[in-house]
Amino acid sequence: MRRHGRSQESEADARDGHAHRPPLRPHEADPQAARLAAAGRMTPDAARSLQGSAGNAAFVAVQRMPRGGDNGEGPAEEKPMDGLSRLRRANARAEKRGQAAPTLGQADSPFGAYTVNKGRGAGPYITSNVKHQHPGSESLGTTYDELVKALDAEHLPLVAQAARSGAELDEEILGSMDATQRRAATMLYGIMTQSEERRFPGAGKAMRSALTKQGDPYHEAEEFEQDFPMGKVGGAQYYREVLAGKKQLSDKARKNLEDMSSSSSDGEKSS
């Protein structure tokens with residue numbers, strides 16, 4: 001399924017039976033229930049049911065119960081780290097690991113070859129070509145919007161997975177990609193592992209999280225740069241100013257960071 005923006009017209013199409021445009025999630029018709037459900041472990045339907053029968057106060061009380069139960073049996077789960085804390089920790093760990101200067105020239109990915117060029121700042125500039133690296137592929141831009149939209153929803157989490165050390169990719173999904181899609185995946189892989197991680201240490205992890213979100217057919221391509229602000233001009237500086245307390249994370253950027261893997265071993269492949 002190719003990624004496109006969701007308009008009112010596409011929603012109407014979905015309700016008329018067009019399978020390629022699934023309708024909005026049912027709970028989106030009830031924003032308050034959706035917000036409350038997002039804050040805890042209940043499903044949106046359960047949230048609406050509890051709200052209707054006992055009111056919001058009861059819902060909030062249930063959400064605040066220790067994850068191990070309120071009878072003292074079993075340990076309560078650790079409260080998840082907030083987005084800012086996760087960003088700070090990912091940055092500190094990446095800084096500690098360090099990263100060598102990029103090797104300019106052709107490099108390989110699970111999807112094909114790409115070229116690492118000298119960039120203007122800390123991160124190199126990633127390109128690819130049709131003649132030698134991706135014969136048969138169509139003309140392809142270099143912006144996140146163009147690259148993300150070139151891929152089907154199921155391909156984007158595969159790109160995120162490819163950047164993890166020791167990850168094994170789904171060969172069936174990999175084999176379903178055409179030449180242009182492989183080229184787009186190659187570009188995203190190179191940008192994630194070679195460029196963004198050097199512009200802001202720890203950014204690769206945030207980008208993986210944003211790509212994984214794109215596997216949800218309800219999550220639009222246009223939302224990628226909202227989840228991962230480094231996709232915008234000045235994005236690396238934005239993250240630095242957030243860590244310095246000069247700016248606040250947007251709701252989508254914060255949620256993306258909170259959804260990142262917390263494993264210290266979940267690092268980028270060496271590049």
Side-chain angles (χ1 to χ4, degrees), residues 90-91 93-151 155-169 174 177-212 214 221 224-225 227-240 260-261 265-271:
N91 177 251
R93 284 176 172 174
E95 289 274 17
K96 185 177 181 180
R97 286 194 302 267
Q99 196 168 30
T103 300
L104 304 183
Q106 181 165 297
D108 293 316
S109 81
F111 311 99
Y114 60 96
T115 304
V116 182
N117 307 276
K118 182 176 176 57
R120 295 179 180 178
Y125 184 62
I126 307 301
T127 59
S128 62
N129 63 68
V130 177
K131 185 175 181 180
H132 300 293
Q133 296 172 334
H134 297 275
S137 64
E138 300 173 2
S139 177
L140 190 66
T142 58
T143 67
Y144 277 124
D145 185 64
E146 293 168 307
L147 296 174
V148 169
K149 286 183 176 179
L151 293 168
H155 299 151
L156 289 147
L158 199 70
V159 179
Q161 186 181 3
R164 295 186 175 97
S165 299
E168 294 185 5
L169 304 185
L174 191 62
M177 302 172 74
D178 63 29
T180 303
Q181 291 170 331
R182 281 180 171 268
R183 186 179 176 188
T186 297
M187 290 285 292
L188 287 170
Y189 176 94
I191 293 169
M192 178 166 46
T193 60
Q194 298 269 8
S195 183
E196 299 295 44
E197 189 66 17
R198 288 184 169 91
R199 292 177 60 213
F200 181 88
K205 201 167 189 177
M207 184 172 169
R208 289 205 310 270
S209 180
L211 286 172
T212 300
Q214 289 290 319
F224 179 81
E225 292 183 3
D227 296 329
F228 183 61
M230 279 190 62
K232 303 175 183 178
V233 175
Q237 182 62 24
Y238 168 77
Y239 272 161
R240 284 190 285 268
M260 289 193 315
S261 167
S265 62
D266 183 22
E268 301 288 345
K269 287 184 178 179
S270 299
S271 56

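Hydrogens, waters and symmetry mates are skipped; everything else that's a heavy atom, side chains included, is used.
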Can you list the residues that meet the side-chain contact (heavy atoms from CB on, under 4.5 Å) rule with [X], with sequence neighbours excluded?
X: A179; result: S137
X: A160; result: R208, L211, T212
X: Y125; result: N117, T127, T142
X: E225; result: Y144, K232

Close side-chain approach of [X] and [Y], heavy atoms under 4.5 Å:
X: L151; Y: L158; answer: no
X: R199; Y: S195; answer: yes
X: T103; Y: V116; answer: no
X: M230; Y: M207; answer: no

To the closest 0.5 Å, what do you measure between [atom1] ([X]) and [atom2] ([Y])?
X: F224; Y: L147; atom1: CZ; atom2: CG; answer: 9.0 Å
X: S139; Y: E146; atom1: OG; atom2: CD; answer: 8.5 Å
X: L140; Y: Q181; atom1: CG; atom2: CD; answer: 10.5 Å

Please enumerate all residues that pass side chain to side chain donor-acceptor pair (under 3.5 Å) together with E138, with sequence neighbours excluded. none

Picking from H134, Q106, Q194, what satisfies side-chain hydrogen bond (donor to acceptor under 3.5 Å, both in side chains) with Y114? Q194

Among Q133, K131, H132, whose side-chain hydrogen bond (donor to acceptor under 3.5 Å, both in side chains) with N129 holds? Q133

After noting the C-alpha distance and the side-chain angles of R240 and Q237, does the key distance pass the side chain to side chain donor-acceptor pair (under 3.5 Å) rule? CA-CA 5 Å; R240 284 190 285 268; Q237 182 62 24; 3.2 Å; yes

Partner residues of D145 under the salt bridge (charged side-chain N to carboxylate O under 4.0 Å, His left out) criterion, sequence neighbours left out: K149

In sequence, state the C-alpha distance, the side-chain angles, and the governing distance for F111 and V159, and then conclude on side-chain contact (heavy atoms from CB on, under 4.5 Å). CA-CA 9 Å; F111 311 99; V159 179; 4.1 Å; yes

